[in-house]
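To start, the structure itself, in structure tokens.
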Amino acid sequence: MRKIALFGGSFDPIHKGHVEIAKIAISKLNLDEVIFIPSGISPHKAGLTASNDDRYNMVRLALEGEERLSVSDFEIKKETKCYSFETVTEFKKMYPSCELYFIIGDDQYEKFTTWYKWEELLGLCRFAVFTRDGGEIKPPFMEIKIPPIKISSTEIREKIKNGEDVGSEVSEKVLAYIKEKGLYKKSYGEIIKKLKETLKESRFNHTLGVADTAVALAKHYGADTDKAYLAGLLHDSAKNLSDDELFALCDKYNIPLSEDDRKAPPIIHSYVGAFLAKEEYGIKDSEILDAIYNHSTGCENMSLLSKIIFVADMTEPGRRDFPGLSEIRKLMYEDLDKALVASMDANISYTKMKGAFLHPGTLKARDFILAKGKN
């Protein structure tokens with residue numbers, strides 16, 4: 001007799017922990033197949049943030065190439081609430097000669113007596129309860145202990161919303177799908193609305209230009225376009241503040257400033273901008289924050305994203321013409337490092353022309369790139 005287990009859940013999104021649980025079930029219960037069943041309109045869980053189709057497609061992608069793991073669209077095709085009793089009844093009809101199991105977690109076990117027709121449900125299949133911390137699982141339920149799985153769909157959604165990387169928690173195919181569909185990410189509309197309210201019109205338009213240029217460069221050089229857009233949008237988020245306000249915020253929130261920094265007030269907005277991106281806009285990704293922090297002076301050993309934001313800031317379509325701009329715009333799609341050096345040279349020349357203090361960080365960043373190019 002074939003042994004099949006049903007594994008229901010929102011899978012919003014499916015992660016590596018879900019697949020691991022299914023494989024443990026196959027091993028412990030000697031199963032022939034585990035069928036993942038993404039929920040539709042669940043009577044127990046509300047607030048799904050990806051559509052039925054998207055969640056089904058992510059499960060399908062996560063299981064590609066996995067033996068004895070499959071996915072069913074039975075619940076998401078229903079236009080009304082679907083109870084586990086209805087699902088199991090249907091699968092009993094589909095697999096009349098099979099021994100049927102149902103996989104649940106210990107949190108569901110605790111609430112089992114609130115399920116629709118739970119007593120009848122116990123007579124339709126066998127229940128395997130996965131426990132992480134141990135506990136008293138009573139017959140007829142079967143307990144399967146699993147090692148702690150420090151992954152949750154809720155945390156994954158929150159990380160994506162905050163621009164953090166989740167590549168270690170979901171499969172490559174699922175991650176690519178999430179990015180392609182723009183699932184779970186923080187609404188750009190909210191950020192843009194807030195920036196429009198706080199920045200002067202000319203600065204706001206510059207910000208949009210930098211974000212779009214950063215995305216174009218990210219596509220060209222294989223960088224993350226979402227990170228590029230967020231960093232571009234927020235790179236000048238502190239430009240509305242006066243020098244006195246910037247220094248006051250640095251003192252209040254312990255944003256470190258060197259003596260050179262204090263001699264070059266125009267660059268302080270970069271440091272405060274990174275702080276605001278984290279504290280007011282909820283950006284947690286260190287790569288995005290570093291790109292914002294370093295976009296005025298640059299730094300040694302800049303990341304690809306930091307280089308992109310620096311060059312995009314200099315070359316966005318609305319940027320007022322300056323000596324060398326057309327050459328930088330040409331270089332930026334041929335050799336990003338050369339475009340970066342040319343951008344820094346332009347900054348250095350402009351600062352000297354004004355007779356302002358030249359921050360040594362720009363010189364160090366420029367020399368680092370030039371030295372690296374000679375090696």
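Model, not experiment: these values are computed from the prediction. Heavy atoms only: backbone and side chains are in, while hydrogens, waters and symmetry mates are out.
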Residue pair Val129, Met142: steps toward the side chain to side chain contact (heavy atoms under 4.5 Å, CB included) verdict | CA-CA 6 Å; Val129 182; Met142 304 168 56; over 6 Å; no
Full working for salt bridge (Lys or Arg N to Asp or Glu O under 4.0 Å) between Asp226 and Lys179 = CA-CA 8 Å; Asp226 284 334; Lys179 289 184 176 181; over 6 Å; no
Let me see the working for Tyr229 and Tyr188 under side chain to side chain contact (heavy atoms under 4.5 Å, CB included), right down to the final yes or no.
-> CA-CA 9 Å; Tyr229 194 70; Tyr188 292 146; 3.6 Å; yes
Let me see the working for Tyr184 and Arg157 under side-chain hydrogen bond (donor to acceptor under 3.5 Å, both in side chains), right down to the final yes or no.
-> CA-CA 6 Å; Tyr184 311 122; Arg157 295 195 302 270; 6.0 Å; no
What's the verdict on salt bridge (Lys or Arg N to Asp or Glu O under 4.0 Å) for Arg262 and Asp251, showing C-alpha distance, side-chain angles and the deciding distance?
-> CA-CA 12 Å; Arg262 292 186 179 277; Asp251 292 338; 3.4 Å; yes
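Screening Asn57, Asp53, Val71 against Pro38 for a side chain to side chain contact (heavy atoms under 4.5 Å, CB included) leaves a single residue, Val71.
For the atom pair SG of Cys98 and NZ of Lys3, the computed distance is 11.5 Å after rounding to the nearest 0.5 Å. With values rounded to the nearest 0.5 angstrom, Phe11 atom CZ is found 11.0 Å from Met58 atom CE. The CZ atom of Phe91 sits 6.5 Å away from the CZ atom of Phe74 when rounded to the nearest 0.5 Å. Expressed to the nearest 0.5 Å, how far NZ of Lys117 lies from CG of Leu124 amounts to 10.0 Å. Here the CG atom belonging to Leu230 is positioned 12.0 Å from the CD atom belonging to Glu287, to the nearest 0.5 angstrom. Here SG of Cys299 is found 3.5 Å from CG of Asn294. Values are rounded to the nearest 0.5 Å.
No side-chain heavy atom of Lys150 sits under 4.5 Å from any side-chain heavy atom of Glu155. Contact annotation: the side chain of Val272 approaches that of Cys250 to within less than 4.5 Å [non-hydrogen atoms, C-beta and beyond]. Using a 4.5 Å cut-off on side-chain heavy atoms (C-beta onward), Pro147 and Glu20 make contact. Looking at heavy atoms from C-beta onward, Val210 lies out of side-chain contact with His295 at the 4.5 angstrom threshold. Side-chain atoms of Ile160 and Leu183, non-hydrogen and from C-beta on, never get closer than 4.5 Å to each other. Side-chain contact between Asp261 and His359: present, with at least one pair of heavy atoms (C-beta onward) separated by less than 4.5 Å. At least one side-chain heavy atom of Phe85 sits under 4.5 Å from a side-chain heavy atom of Glu120. When side chains are defined from C-beta on, Ser296 does not count as touching Tyr271, because their heavy atoms never get closer than 4.5 Å.
Ring pair Phe7/Phe36 is tilted by interplanar angle, where 30° to 60° counts as tilted.
In plain terms, the two heavy atoms of Ala277 and Ile292 that are nearest each other are CB-CD1, 3.7 Å. Nearest approach of Leu325 to Arg320, heavy atoms of both residues: CD2-O, 4.0 Å. Shortest non-hydrogen contact noted between Glu316 and Thr213 is CA-OG1, 3.5 Å. Nearest heavy atoms, Tyr221 versus Glu334: OH-N, 3.7 Å. Across all non-hydrogen atoms, the minimal contact from Glu75 to Ser39 is OE1-CA, 3.4 Å. Considering every non-hydrogen atom in both Val170 and Ile14, the closest pair reads CG1-O, 3.7 Å.
At distances below 3.5 Å, at least one donor-acceptor pair connects side-chain atoms of Thr351 with backbone N or O atoms of Asn347. Judged purely by atom type and a 3.5 angstrom limit, Asp335 uses its side chain to pair as donor or acceptor with the backbone of Lys338. In terms of modelled atom types and a separation under 3.5 Å, the side chain of Arg329 and the main chain of Thr315 share a donor-acceptor contact. Remark: side-chain polar atoms of Arg55 are paired, donor with acceptor, to backbone N or O of Ser10 under 3.5 angstrom. For the pair Lys278 (side chain) and Leu289 (backbone), a donor-acceptor distance under 3.5 Å is absent. The backbone N or O of Pro13 lies less than 3.5 Å from a partner atom in the side chain of Ser153, making a donor-acceptor pair. Between the side chain of Trp118 and the main chain of Phe112, no donor-acceptor pair closer than 3.5 Å is present. Proximity of a side-chain donor or acceptor of Thr362 to a complementary backbone N or O of Thr297 within less than 3.5 Å is detected. Looking at Thr198, its side chain does come within 3.5 Å of a backbone N or O of Leu195 through a donor-acceptor pair. Side chain of Gln108 to main chain of Gly105: a donor-acceptor pair is present (N/O by atom type, distance under 3.5 Å, no hydrogens or angles).
Taking the charged nitrogens against the carboxylate oxygens, Arg319 and Asp313 do have a contact shorter than 4.0 Å, which makes a salt bridge. Salt bridge annotation for Glu280-Lys194: present, with a cationic side-chain nitrogen under 4.0 angstrom from a carboxylate oxygen. Electrostatic pairing of Lys227 and Asp285 counts as a salt bridge here, judged by a charged N lying under 4.0 Å from a carboxylate O. Between Arg2 and Glu99, no side-chain nitrogen of the basic residue sits less than 4.0 Å from a carboxylate oxygen of the acidic one, so the salt-bridge criterion is not met. A salt bridge links Lys159 with Glu169: the distance from a Lys NZ or Arg NE/NH1/NH2 to an Asp or Glu carboxylate oxygen falls below 4.0 Å. Arg203 has a carboxylate O that lies under 4.0 Å from a charged side-chain N of Asp236, or vice versa, which qualifies the two as a salt bridge. Look at Lys23 and Glu66 and you find a salt bridge, because one of the NZ, NE, NH1 or NH2 atoms lies within 4.0 Å of a carboxylate O, short of that distance.
Residue pairs meeting the ring-ring contact (aromatic ring centres under 6.0 Å, His included) criterion with at least one partner in residues 318-356, sequence neighbours excluded, are His220-Tyr333.
Applying the 6.0 Å contact sphere to CD of Glu197 captures more than 12 heavy atoms from other residues, nucleotides or ligands. In Glu64, the CD atom is crowded: over 12 heavy atoms of neighbouring residues, nucleotides or ligands sit closer than 6.0 Å. For Lys28, the NZ atom is loosely surrounded, since the number of other residues' heavy atoms within 6.0 Å does not exceed 12.
Ring pair His206/His235: centre-to-centre distance below 6.0 Å. For Phe127 and Tyr109, the gap between ring centers reaches or exceeds 6.0 Å.
Follow the hydrophobic side-chain contacts under 4.5 Å out from Leu246 and you never reach Leu199; the two are in separate clusters. Both Tyr281 and Leu305 belong to a common hydrophobic cluster when Ile, Leu, Val, Met, Phe, Trp and Tyr are linked at side-chain heavy-atom distances under 4.5 angstrom. Phe368 and Leu363 sit in two unconnected hydrophobic clusters of ILVMFWY residues. Membership requires side-chain heavy atoms under 4.5 Å apart, directly or through other members.
For the residue pair Glu245 / Ser242, a side-chain donor-acceptor distance below 3.5 Å is found, with atom types taken as modelled. Side-chain contact, Ser51 with Asp54: a donor N or O sits under 3.5 Å from an acceptor N or O. No side-chain donor from either of Ser84 and Thr87 sits under 3.5 Å from a side-chain acceptor of the other.
Cation-pi check for Lys145 over Phe130 is not met; the charged atom does not lie both under 6.0 angstrom from the ring centroid and within 45 degrees of its normal.
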